[in-house]
Engineer: 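After the structure tokens below, expect a handful of questions from me.
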Amino acid sequence: MSHKILLLSGDGIGREVVAEAEQVLLAVAKDEIEIDHALIGGVAIDTCGEPLPAATATAAAAADAVLLGAVGAPQYDHLPNAQKPEKGLLQLRKAMGVFANLRPAICYAELVDASTLKPEYVRDLDILIVRELLGDVYFGEPRELQTTNGVRRAVNTMCYDENEIARVARHGFEAARRRQKRLCSVEKANVLEVGMLWREVVSAIGQEEYPDIELSHLYVDNAAMQLVRAPKQFDVIVTGNIFGDILSDAAAMLTGSIGMLPSASLNESGGGLYEPVHGSAPDIAGEDKANPLATILSVAMLLRYSLNLPQAAAHVERAVQQTLADGYRTADIAAPGAAVVSCSAMGAAVRERLTAV
Ligand code: IPM
Ligand code: MG
């Protein structure tokens, strides 16, 4: 059966990392996929006048999975929010209905020294953050920027209904069941009504449907502290959109570099949007310096979750591990003074090891 995969390179290093990931995808699943390309982000603004052109939304709806690079560049910073490249990504997530964003943070043995934390705190670290992706202050109404009597005022709204909380909570519980059976739910119930509802809903689901999972609750400020104090206490974390955005960047640094972190965003029907957690890195864009491993590992998640090809996924993950074991390092994960390889050389090294495993 042929699966339709849509590639959206986007901006900055997105183009470089997706080009490497595309070659990896072809190397492991050429006979089972059809690849299409479309525009999103700043490059779509320049070409079509909007960050998510209708043709891209249509192609995404028809695809079995979408692989995205990154969006955003400084030349669009002055635009109103509704016209920025990032808006294209948010609209795409909404259009695809991808409410469950899985962000694994794994510290590879080979990269223990790339973390800014002491090795004993991150060795064997394996955390999964399940971030709700379609609600919260990202999409809540009202939202506005207004001027009254010469004073500018901005409003965003944090809101969740219990169904939105429940469906992402179940993703968290299910993931915990496949792992260490521990789920930590993160909110701000001591201050926010949204947090109180979140805690109630997650607790009830835990008691009624997942008595085998050890459920804990943390306020987000404490969770941030615990994440850098003793990260290995966590197995799966489930949280809302904005807290998940912040905590997943913090978790990324535990692993050495945000350039290592893949993500999968899933909807009710198994369709998914796959992206590296990092951004478009305009400072190094076009220089062939970016780390393509987060996007290559996102390909592994795509193979596993949307194409149901777990062996091909494991094949890619093993090749990445072997590439690291063989000493290949892009600048973001290299020890000071150590030799570094380019984005394209890293991609090629992974592909060589694909054929070898
Ligand atoms: C992420 C990014 C996005 C987000 C931006 C680019 C809109 O930071 O995927 O974590 O805030 O969700
Ligand atoms: Mg982010």
Side-chain angles (χ1 to χ4, degrees), residues 8-15 17-18 21 39-45 50-52 56 60 66-77 79-105 127-140 143 156-158 160 164 168 186 220 223-224 227 237-255 257-267 272-283 285 290-291 294-295 297-298 301-302 332:
L8 304 174
S9 305
D11 304 318
I13 60 168
R15 279 170 242 182
V17 295
V18 169
L39 300 176
I40 193 167
V43 59
I45 295 175
E50 49 186 346
L52 182 69
T56 302
V66 177
L67 179 70
L68 184 139
V71 295
Q75 67 263 39
Y76 309 103
D77 284 351
L79 292 173
N81 273 345
Q83 293 162 31
K84 285 197 169 119
E86 288 81 357
K87 186 72 183 179
L89 175 56
L90 298 178
Q91 286 171 334
L92 179 67
R93 289 174 178 170
K94 193 78 165 179
M96 292 182 68
V98 290
F99 65 92
N101 178 219
L102 313 187
R103 297 190 159 186
I127 299 177
L128 176 66
I129 296 184
V130 180
R131 168 189 177 196
E132 200 290 330
L133 206 55
L134 297 184
D136 208 340
V137 286
Y138 275 72
F139 293 95
R143 61 181 301 156
N156 290 98
T157 303
M158 178 177 272
Y160 270 118
E164 292 168 320
V168 75
V186 172
V220 63
L227 210 45
I237 293 175
V238 65
T239 189
N241 205 346
I242 187 76
F243 297 156
D245 180 46
I246 298 165
L247 293 179
S248 61
D249 266 33
M253 276 321 291
L254 304 172
T255 72
S257 168
I258 197 166
M260 292 298 301
L261 259 74
S263 82
S265 305
L266 307 175
N267 61 24
L273 170 64
Y274 298 83
E275 13 166 0
V277 172
H278 64 69
S280 57
D283 53 326
N291 184 348
T295 315
L297 290 167
S298 300
M301 294 185 91
L302 182 155
D332 58 315

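Just follow the structure's listing: the first ligand is 1, and inside any ligand the first atom is 1.
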Engineer: Looking at Val220 and Val186, what are the two nearest heavy atoms and their distance?
Structural biologist: CA-CG1, 3.6 Å
Engineer: When rounded to the nearest 0.5 angstrom, what distance separates OG1 in Thr255 from CD1 in Ile127?
Structural biologist: 9.5 Å
Engineer: Any donor-acceptor pair under 3.5 Å linking the side-chain atoms of Asp11 with those of Tyr76?
Structural biologist: no
Engineer: Polar contacts were defined as any N/O atom of the residue lying under 3.5 Å from an N/O atom of the ligand; does this apply to Tyr138 and ligand 1?
Structural biologist: yes
Engineer: Which bit of Arg93 gets closer than 4.0 Å to ligand 1, counting heavy atoms only: side chain, backbone, both or neither?
Structural biologist: side chain
Engineer: How does Lys87 reach ligand 1, if at all, at less than 4.0 Å between non-hydrogen atoms: by side chain, backbone, both, or neither?
Structural biologist: neither
Engineer: If you count the atoms of ligand 1 from 1 in the order shown, which ones are under 4.0 Å from a heavy atom of Arg131?
Structural biologist: 1 (C), 4 (C), 9 (O), 10 (O), 11 (O), 12 (O)
Engineer: Atom 2 (C) of ligand 1: which protein heavy atom is closest, and how many Å away?
Structural biologist: Asp245 OD1, 4.0 Å
Engineer: So which bit of Lys84 gets within less than 4.0 Å of ligand 1, heavy atoms only: side chain, backbone, both or neither?
Structural biologist: neither
Engineer: Within less than 2.8 Å of the Mg ion (ligand 2), any N, O or S from Asp245?
Structural biologist: yes
Engineer: In terms of residue, atom name and distance, what is the protein heavy atom nearest to atom 6 (C) of ligand 1?
Structural biologist: Glu86 CG, 3.9 Å
Engineer: What's the separation between atom CG in Asn101 and atom CD1 in Ile129, rounded to the nearest 0.5 Å?
Structural biologist: 9.5 Å
Engineer: Distance from Phe243 atom CZ to Met158 atom CE, nearest 0.5 Å?
Structural biologist: 4.0 Å
Engineer: Any side-chain heavy-atom pair from Leu273 and Leu133 closer than 4.5 angstrom?
Structural biologist: no
Engineer: Return the residue, atom name and 0.1 Å-rounded distance of the protein heavy atom closest to atom 1 (C) of ligand 1.
Structural biologist: Arg103 NH2, 3.3 Å
Engineer: Which pair of non-hydrogen atoms, one from Asp332 and one from Gly259, has the smallest distance, and what is that distance?
Structural biologist: OD2-CA, 3.7 Å
